[in-house]
Protein chains: 2
Amino acid sequence: MKASDKAYAALRRDIVSWALPPGSVLGEVEQAERLGVSRTPLREALSRLAADGLAVSQRGRGVVVSDVSLDHVDDLFSLRRALEVEAARSAARTGSPAVFNELARRFDAAARTLSAAAERDGYYSLAGELDAAIEDAASNAYLAQALQGLRVHLARLRRLSHDAPARLRASAREHAQIARAVASGDPGLASAATLLHLHNSLEHIKSHALPKEASA
Amino acid sequence: MKASDKAYAALRRDIVSWALPPGSVLGEVEQAERLGVSRTPLREALSRLAADGLAVSQRGRGVVVSDVSLDHVDDLFSLRRALEVEAARSAARTGSPAVFNELARRFDAAARTLSAAAERDGYYSLAGELDAAIEDAASNAYLAQALQGLRVHLARLRRLSHDAPARLRASAREHAQIARAVASGDPGLASAATLLHLHNSLEHIKSHALPKEASA
DNA sequence: CTCAACCATTATGTATACATAGATCCCGAA
DNA sequence: TTCGGGATCTATGTATACATAATGGTTGAG
């Protein structure tokens, strides 16, 4: 593995997990020493992070982890809506019904059994599988790239919202609906199910915001 | 101006203008000497180009200018539709009617006077103003970034299609419609006008494709 | 006491040197 | 003549050294 890839992966993981919170200055020498690489590959990693929007390079002051707060959540979900609705429409046209019916079945099971917060990560993983399946069925490289860029920011935003078990169960039901709509091959239905889920998700985030963790 | 910025701008211009056609290998030493910079800033430029999707780094063989052909045009317009429709909807809500009515007036004038192919660049510039105005009115940084990334590919695609004066005039009328719809403040109308324009634009590209210039 | 200017320190931007890996070409053997 | 193996060469990946610009602190003057 290239040293620049290693540095990029490590920094990205630290940023998404809030080990490097927004506003952290990413000094080249400091981070190069911490990650055990030279400044050259680290600079390449910083470039990629800036391209992703996870970091912004301030003139002279180096690179800092980009800010993220609930102020941006409306804009972010605006873009998310546009992209995921389009992806769901495309997937409904070309996706394999068997694949999405199977996913729907697993979401149904999750909706019944989800209780402890410990199962949260497993559910996120399942939701990720549906996203990947839709992205794969849509088979649009440009759309896929845009979605990938978006999901990084969404993952970072996740830490700002409570995900109570009740919401997770509701979310599972909505995901099952999306999967079934895609399996049915009806683009309008898939679009509507996605729209509904995103609306509920955004409403939940905005009404259950953590009080004061959006600071830089 | 930083050397890396200079290299990035030059390479991006050459790629979009097809001075570096798809498939061109961007050797680090060769390009560094051509642009009069060292390998270090040139590598940063190549990274940014790869992030933009204008170049792809092949394992071992270095970086080559990414392929573009009419095979991708459907996928590209799928994403374009999703993004620009969303942008038009947002702009209709918050945009200043005066700004967009003025733009509509200029498009009307262009639709009347456009004749020679020499005025083509001027018209593209006007269309760019409308895009910028919509992007500005939408005031969504995430959406704007996605649109910027998309427009580079669209500019590159432009060379694969004939833009006859008749199509330019029709396009001007459609753009005027979009501007008026945004000025009216009706998101649904703005969405519809955008959808219609993109549909016509895509149809024109696919039916007036250049015979065989899509090669790598 | 406060403000401004200058100096020092530090971090970024760039260049070059070195290592390594892969690709191509050539030679030999079947 | 063709296929395979090896060597050489070239390009990428990395590290380090140097230059430059910015920032912060300190000192002096008003």
Side-chain angles (χ1 to χ4, degrees), chain A residues 1-15 18-68 145 148 215-216, chain B residues 1-15 18-68 145 148 215-216:
Chain A
M1 179 187 255
K2 292 193 296 184
S4 59
D5 293 340
K6 172 185 169 188
Y8 172 74
L11 284 173
R12 177 171 160 150
R13 180 172 40 78
D14 290 344
I15 292 175
W18 287 63
L20 290 170
S24 305
V25 289
L26 301 174
E28 295 183 1
V29 193
E30 176 191 356
Q31 296 300 321
E33 287 181 358
R34 184 173 75 90
L35 301 174
V37 298
S38 173
R39 274 185 61 215
T40 305
L42 186 112
R43 279 178 68 87
E44 184 179 329
L46 291 181
S47 287
R48 293 172 64 182
L49 290 172
D52 292 341
L54 290 179
V56 290
S57 75
Q58 294 187 3
R59 164 82 181 179
R61 287 183 193 171
V63 176
V64 300
V65 177
S66 66
D67 194 21
V68 58
Q145 187 181 355
Q148 291 295 344
S215 66
Chain B
M1 178 189 254
K2 292 195 296 184
S4 59
D5 293 341
K6 172 185 167 188
Y8 172 74
L11 285 173
R12 176 171 162 151
R13 181 173 40 77
D14 290 343
I15 293 175
W18 287 63
L20 290 171
S24 305
V25 290
L26 301 174
E28 294 183 0
V29 191
E30 175 192 353
Q31 296 300 322
E33 288 181 357
R34 183 173 76 91
L35 301 175
V37 298
S38 175
R39 275 184 60 212
T40 305
L42 186 112
R43 279 178 69 87
E44 183 179 330
L46 291 181
S47 289
R48 293 172 65 181
L49 290 172
D52 292 340
L54 290 179
V56 290
S57 75
Q58 294 187 1
R59 164 84 180 183
R61 286 184 193 171
V63 176
V64 300
V65 177
S66 66
D67 194 21
V68 57
Q145 188 181 355
Q148 292 294 345
S215 64

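So you know, we letter chains A, B, ... as the sequences are listed, proteins then strands, and number each from 1.
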Closest nucleotide among C:dT14, D:dT14, D:dT12 to the B:Lys2 side chain:
C:dT14
Could you give the CZ-to-P distance, from A:Arg43 to D:dT16, as a whole number of Å?
16 Å
Output the rounded distance in Å from CD (B:Glu33) to C1' (D:dT12).
15 Å
So do the side chains of A:Val64 and A:Val56 get within less than 4.5 Å of each other, counting heavy atoms only?
yes
Starting from P on C:dA11, measure out to CD on A:Glu30 and report it in whole angstrom.
9 Å
Would you call B:Arg12 and B:Asp5 a salt bridge, taking side-chain N to carboxylate O under 4.0 Å as the test?
no
For the pair made of CG in A:Leu35 and P in D:dA15, what is the distance, rounded to whole Å?
12 Å
Round to a whole Å and report the spacing from CG of B:Leu46 to P of D:dA11.
14 Å
Whole angstrom is fine here: how far is it from CG in A:Leu42 over to P in C:dG13?
12 Å
Is it the case that the base of C:dT14 and the side chain of B:Ser4 share a donor-acceptor contact (distance under 3.5 Å, atom types as modelled)?
no
Could you check B:Arg39 against B:Glu44 and say which one's nearest nucleotide on DNA chain C is further toward the 5' end?
B:Glu44
C:dT16 base / B:Ser38 side chain donor-acceptor hit below 3.5 Å
no
Would a distance-only check, ignoring hydrogens and angles, find a side-chain to backbone donor-acceptor pair under 3.5 Å from B:Gln145 to A:Ala51?
yes
Out of C:dT14, D:dA15, D:dT12, which has the shortest distance to the side chain of A:Val37?
D:dA15
Whole-Å distance between C:dT16 P and B:Glu28 CD?
15 Å
Determine yes or no for a side-chain-to-main-chain donor-acceptor pair under 3.5 angstrom, with A:Ser4 supplying the side chain and A:Pro41 the backbone.
no
Between C1' of D:dT12 and CG of B:Leu26, the distance in whole Å:
14 Å
